[in-house]
Asker: 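Have a look at the structure that comes next, please.
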Amino acid sequence: MTSLVGQDSVWEECMKQMDTQSHILLTGPPGCGKTTLIQEWLATYAARKGCPHGDRWGREITEDCYWLGPDQDRGIQTIRGQLSLFIRQMAPKKGMCRWVVIDDVDTFPHISQQALRRPMESYSHITRFFFIGPSEEDLIPALRSRCIHIPMNIVHMECEKAA
């Protein structure tokens, strides 16, 4: 289960995708917990697959997960160089995929997104993508059509004023 309040149905939908070859697009407004949900999901994925370093998955690059956040170089050279090298590696063990997480896809250049189309198609048997962004339209149509879209729930917190 996720630690996020009101996101149980989103968690369950993500869990349904765990053993598929689907790429995932998770959308929702800023601050709703998209990144946290993905970190928890990746840790659960690694633990279920018996990954000995499952606790290291999350917002770092390990041999099994490549996290590309807005604070990193996300230009075409990074995609064609570092990320392509990561994508072409063999899966860590049978039945387990490597993951590429693109956080804040709304700030990910379109030319870099275009460079991902062929690797997504060619290496989906060993590498899967998780895109995180505020809107489905932030991902170019060629990538969006290859993803399962999972929108985050909008949770309204009722605040009471102290009398």
Asker: Would you say the side-chain atoms of R146 pair up with the backbone N or O of R117, donor to acceptor, closer than 3.5 Å?
Answerer: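 Flag not set: sc R146 to bb R117 has no pair under 3.5 Å.
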Asker: Keeping the roles fixed (side chain from Y45, backbone from C97), state whether a donor-acceptor pair exists under 3.5 Å.
Answerer: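 Here the side-chain-to-backbone pair exists.
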Asker: Within a strict 4.5 Å, meaning less than it, do heavy atoms of the F86 and V100 side chains meet?
Answerer: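 They are in contact (side-chain heavy atoms under 4.5 Å apart), so the answer is yes.
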Asker: Quiz question: by atom type and distance under 3.5 Å, do the side chains of S124 and H23 form a donor-acceptor pair?
Answerer: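 No, no side-chain donor-acceptor contact under 3.5 Å.
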Asker: Compare every heavy atom of W11 with every heavy atom of L37, then report the nearest pair and how far apart it is.
Answerer: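 Nearest pair, atom of L37 first, then W11: O-CZ3, 3.8 Å.
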Asker: Between atom CD1 of I140 and atom CG of L116, what is the distance when rounded to the nearest 0.5 Å?
Answerer: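 Nearest 0.5 Å value for the CD1-CG distance: 8.0 Å.
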Asker: Find the distance between SG (C14) and CD1 (I150) and round it off to the nearest 0.5 Å.
Answerer: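 Those atoms lie 4.0 Å apart.
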Asker: Quick one: pull up CD1 in I126 and CD in Q21 and give me the separation to the nearest 0.5 Å.
Answerer: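 It comes to 10.5 Å.
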Asker: So, N153 and S9: side-chain donor and acceptor under 3.5 Å apart, yes or no?
Answerer: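 Distance-only check passes for N153 and S9.
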Asker: For a quick check under 3.5 Å, do S122 and R88 share a side-chain donor-acceptor pair by atom type?
Answerer: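 R88 and S122 do not have a side-chain donor-acceptor pair below 3.5 Å.
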Asker: Roughly how far, to the nearest 0.5 Å, is CD of E13 from CE of M152?
Answerer: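 Going from the CE atom of M152 to the CD atom of E13 covers 13.0 Å.
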Asker: Looking only at heavy atoms, what is the nearest atom pair of T127 and I87, with distance?
Answerer: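 Here T127 and I87 meet closest at OG1-O, 3.3 Å.
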Asker: P70 and D103: which non-hydrogen atoms are nearest, and at how many Å?
Answerer: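 Answer, listing the atom of P70 first, then D103: CD-O, 4.0 Å.
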Asker: Closest approach of R74 and P109, non-hydrogen atoms and distance?
Answerer: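 Closest approach of R74 to P109, heavy atoms only: O-CD, 3.7 Å.
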Asker: Treat each ILVMFWY residue as a node, draw an edge where side-chain heavy atoms are under 4.5 Å apart, and state whether I76 and L83 are in one component.
Answerer: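 The answer is no; the residues belong to distinct hydrophobic clusters.
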Asker: Check whether any side-chain N or O of D104 sits under 3.5 Å from a backbone N or O of D106 as a donor-acceptor pair, and report yes or no.
Answerer: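 Looks like no, no N/O pair under 3.5 Å.
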Asker: Please confirm whether the backbone N or O of D138 pairs with a side-chain atom of Q113, one donor and one acceptor, at under 3.5 Å?
Answerer: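 Indeed, once roles are kept as given, a pair shorter than 3.5 Å links the two residues.
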Asker: If you compare all heavy atoms of Q17 against all heavy atoms of R128, which two are closest, and at what distance to 0.1 Å?
Answerer: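 Looks like O-NH2, 2.7 Å.
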Asker: Given 3.5 Å as the limit, does a donor-acceptor pair link the side chain of S84 with the main chain of I79, or not?
Answerer: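 Checking the backbone N and O of I79 against the side chain of S84, a donor-acceptor pair under 3.5 Å is found.
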Asker: Quick check for you: to the nearest 0.5 Å, what is the distance between C147 atom SG and F131 atom CZ?
Answerer: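 Between C147 SG and F131 CZ, I get 5.0 Å after rounding to 0.5 Å.
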Asker: Classify the angle between the aromatic ring planes of W41 and W99 as parallel (below 30°), tilted (30 to 60°) or perpendicular (above 60°).
Answerer: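 The rings of W41 and W99 stand perpendicular, inter-plane angle above 60°.
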Asker: Donor-acceptor pair, distance only, cut-off 3.5 Å: does the side chain of S112 make one with the backbone of F108?
Answerer: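 Such a contact is absent between S112 side chain and F108 backbone.
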Asker: For atom CD1 of I111, decide whether the heavy atoms of other residues, nucleotides or ligands shown that lie under 6.0 angstrom number more than 12.
Answerer: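 No.
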Asker: What heavy-atom pair brings C65 and L42 nearest, and what distance separates the two atoms?
Answerer: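 Taking every non-hydrogen atom into account, SG-CD1, 3.8 Å.
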Asker: Say you draw a straight line from CD1 of I24 to CD1 of I38; how long is it, rounded to the nearest 0.5 Å?
Answerer: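 Between atom CD1 of I24 and atom CD1 of I38 there are 6.5 Å.
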